[in-house]
Amino acid sequence: MIPTEDASARKREIEEKLKQEQETLSFIRENLEKSDQLTKGMVSILSSFESRLMQLENSIIPVHKQTENLQRLQENVDKTLSCMDHVISYYHVELEVQEDIVLEHLPEAVLQDIICIAGWLVEYGRNQDFMNVYFQIRSNQLDRSIKGLKDHFRKNSASSGILYSPAVQTKRKDTPTKKAPKRPGKDDVLDIEIDSYIHCISAFVKLAQSEYALLTEIIPEHHQKKTFDSLIQEALDNLMLEGDNIVSAARRAIMRHDYSAVLTIFPILRHLKMNKSEFDTTLQGTAASTKNKLPTLITSMETIGAKALEEFADSIKNDPDKEYNMPKDGTVHELTSNAILFLQQLLDFHETAGAMLASQETSSSASSYTSEFNKRLLSTYICKVLGNLQLNLLSKSKVYEDSALSSIFLHNNYNYILKSLEKSELIQLVTVTQKKAESSYRELIEQQIYMYKSSWHKVTEHLTDRNMPVFQPGTKLKDKERQVIKDKFKGFNDGLEELCKIQKGWAIPDKEQRDSIRGWKHTLKEFDNPEKYHKYRPEEVEEMIERLFDTSA
């Protein structure tokens, strides 16, 4: 029989060995898992490499077939094209994401070799197919450069969240705090797309100019315009197609009554018009159909933009939402804040918006398209929107059963409009055609305050000495005279309690206006009398008034 102590020691020894074996096993498993991960990584790398080889093969096969066809024409042409393809591959385009674009041309020695080869082919080779091959190669390179720039810009903008477009100004900081509903992330993506398109337009002009400069050195003069026209077609068509898609998207948004979507057109349209002269110069000598592509796109953008502006103005006037979306506390209506926000966003593009409206004019005065004429058109449009908004607000205010709340509602909205105009350049545009716009809004605000004050007549009428008995020192009041005083106190107390209860939930967001109206009511605290009918002390009346228009109280 094994002693108990030996058995215990043996057991511990076995347990320690078992523990060591378990740790070893765990270590082996971890290494196997790491090995599996490395294997999967290697398989992924090999798969990616295989995919890249297939893509490379797919790219090379068409070139190989084209080379075989050219070999049938002439032996020297095959050698020349191989040399030209090889040399042109050294032509690199470096695009910096800035306004200044730096282009690196072919080395002088290489360029001279190509010029010499092209001259020989024209004079002795009796074959001009190399010009077709040239424009096909360069056309493909031009289109790839612009697409590469677009992808590069999108990736950088998406990762950094910074927009680089020279055509889009910094967003305004004085816009209203209450904005139109936005779908999370969609507007940021749209901004990137707009900036990307603007950059590609600028890049196309610079690249096309560079291509023409290179082409004039290689292609015979009487073939240069036609070759250049063919060379730029694919890249130009893709840009115009993308522009048409932007117009179509804006048109669909207008059909959904989403008029804010038209704002995406403004930065693009402004950039196109700013660069049109350079665009026209670059395309000089090309076919009429090529020259007309940009003007056609500009016309489409102006037409759809002007349509959106006019329909927006009509929508402000005819907004049917009167009962279901009315603020219970009489504060600023969503229609007002959205309308003002839309107009403020036009400020960054006021010249473009004015010209857009002018483009739809048929009068003789519109033919000049002067800056002053466009400015007056935009001013007239803004005043139209504000006029429609005022009419709609007046209609909506009638939904309230309490006329005092209706006055507070109109007061808040008129005051919001005036303050928004004053904080931005909108007031300068408005006064171009309506000199007294500012004073008119102040009169409307004062009118609504006056109408609101009339709701307190049931309280203030008890502050007058009308029907009050004449007090004679040393004489005792009669029962009838005491009743008159009692009725005045009771009427004051009941009226004050009723109005404070009703109006406590109303709101006046503007502190200055809120304090001004409260200041007028502070005269009520002077209604004090040491008689037994006294219910509220002056400080209690003041405290009740301070709770008005403060929903947090």
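Distance check, rounded to the nearest 0.5 Å: CD1 of Ile232 to OG of Ser139 gives 9.5 Å. Separation of atoms CD1 (Ile417) and CD (Glu422) is listed at 12.0 Å; rounding is to 0.5 Å. Here CE of Met274 is found 9.5 Å from CD of Glu351. Values are rounded to the nearest 0.5 Å. Here CG of Leu429 is found 4.5 Å from CD1 of Ile382. Values are rounded to the nearest 0.5 Å. To the nearest 0.5 Å, the span separating NE2 on His350 from OG on Ser379 amounts to 12.0 Å. Of the inter-residue distances, the one linking Gln209 atom CD with Leu283 atom CG reads 9.5 Å to the nearest 0.5 angstrom.
For the pair Phe349/Met356, no side-chain contact is recorded, criterion being any heavy-atom separation below 4.5 Å from C-beta on. Put simply, the side chain of Asp229 does not reach to within 4.5 Å of the side chain of Lys225, judged on heavy atoms. Using a 4.5 Å cut-off on side-chain heavy atoms (C-beta onward), Val332 and Pro327 make no contact. Two residues are said to be in side-chain contact when any heavy atoms from C-beta on lie closer than 4.5 Å; Asn374 and Leu357 fail this criterion. For the pair Glu193 and Lys150, the minimum side-chain heavy-atom distance is 4.5 Å or more. Looking only at side-chain heavy atoms (C-beta outward), Ile146 and Leu207 come within less than 4.5 Å of each other. Between Leu272 and Ile198, the closest side-chain pair of non-hydrogen atoms is not below 4.5 Å. Side-chain contact check for Lys396 versus Leu335: some heavy-atom pair is nearer than 4.5 Å.
At a threshold of 4.0 Å, the pair Asp258-Arg252 does not count as salt-bridged, since none of the basic side-chain nitrogens sits closer than that to a carboxylate oxygen. In summary, Lys307 and Glu311 engage in a salt bridge, as defined by a charged side-chain N under 4.0 Å from a carboxylate O. Under the 4.0 Å criterion applied to side-chain N and carboxylate O atoms, Lys147 and Asp151 are not assigned as salt-bridge partners.
At least one donor-acceptor pair closer than 3.5 Å links the side chain of Asn392 to the backbone N or O of Ile316. Formation of a donor-acceptor pair under 3.5 Å by the Tyr197 side chain with backbone atoms of Ile268 is not found in this model. With Asn31 contributing its side chain and Phe27 its backbone, the two residues share a donor-acceptor pair below 3.5 Å. Remark: the backbone N or O of Leu391 is not paired with any side-chain donor or acceptor of Ser395 at under 3.5 angstrom. Side-chain atoms of Asn318 come within 3.5 Å of backbone N or O of Asp314 as a donor-acceptor pair.
Nearest approach of Arg270 to Asp348, heavy atoms of both residues: NH1-O, 2.8 Å. Closest heavy-atom contact between Asp244 and Leu297: OD1-CD1, 3.6 Å. Counting all heavy atoms, side chain and backbone alike, Ala355 lies closest to Glu302 at O-OE2, 4.3 Å. The minimum heavy-atom distance linking Pro220 with Met131 is given by the pair CD-SD, 3.8 Å. Nearest heavy-atom pair, Leu377 versus Gly354, reported as atom, atom and distance to 0.1 Å: CD1-O, 4.4 Å. Pro267 and Leu263 make their closest contact through CD-O, 3.1 Å (heavy atoms, listed as atom of the first residue, atom of the second, distance).
Atom NZ of Lys419 has more than 12 neighbouring heavy atoms from other residues, nucleotides or ligands inside a 6.0 Å radius. For NZ of Lys293, the number of neighbouring non-hydrogen atoms (other residues, nucleotides, ligands) closer than 6.0 Å is greater than 12. Annotation: Lys317, atom NZ; neighbour count of heavy atoms from other residues, nucleotides and ligands within 6.0 Å does not exceed 12. Heavy atoms of other residues, nucleotides or ligands lying less than 6.0 angstrom from CD of Gln284 number 12 at most.
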Discussion item. Pair Ile115, Trp120 - check side chain to side chain contact (heavy atoms under 4.5 Å, CB included), show working.
Written reply: CA-CA 9 Å; Ile115 293 173; Trp120 183 88; over 6 Å; no

Worksheet entry | Verdict with reasoning, Glu438 to Leu421, per side chain to side chain contact (heavy atoms under 4.5 Å, CB included) | CA-CA 9 Å; Glu438 195 170 356; Leu421 293 177; over 6 Å; no

Worksheet item: Which is it for Glu278 and Lys206 under the salt bridge (Lys or Arg N to Asp or Glu O under 4.0 Å) test, yes or no, and what are the steps along the way?
Response: CA-CA 10 Å; Glu278 188 176 10; Lys206 297 297 182 183; 3.5 Å; yes

Practice prompt. Tell me, with the steps shown, if Phe342 and Leu309 meet side chain to side chain contact (heavy atoms under 4.5 Å, CB included).
Written response: CA-CA 10 Å; Phe342 183 87; Leu309 291 178; 3.9 Å; yes

Worksheet entry | Worked verdict on Cys200 versus Leu239 for side chain to side chain contact (heavy atoms under 4.5 Å, CB included) | CA-CA 8 Å; Cys200 288; Leu239 286 175; 3.8 Å; yes

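Annotation: side-chain hydrogen bond (donor to acceptor under 3.5 Å, both in side chains) contacts involving residues 382-391, sequence neighbours excluded, comprise Glu310-Lys384.
Residues satisfying the ring pair (Phe, Tyr, Trp, His ring centres under 6.0 Å) criterion with Tyr212, sequence neighbours excluded, are Phe228. Applying the ring pair (Phe, Tyr, Trp, His ring centres under 6.0 Å) rule to Phe204 yields the partners Phe279; only residues at least two apart in sequence or on another chain are considered.
For the residue pair Thr216 / Gln224, no side-chain donor-acceptor distance below 3.5 Å is found, with atom types taken as modelled. Looking only at atom types and distance, the side chain of Gln233 has a donor-acceptor partner in the side chain of Thr290 under 3.5 Å away.
Between Tyr259 and Phe312, the ring planes are perpendicular. Angles over 60° get that label, and only those under 30° would be called parallel.
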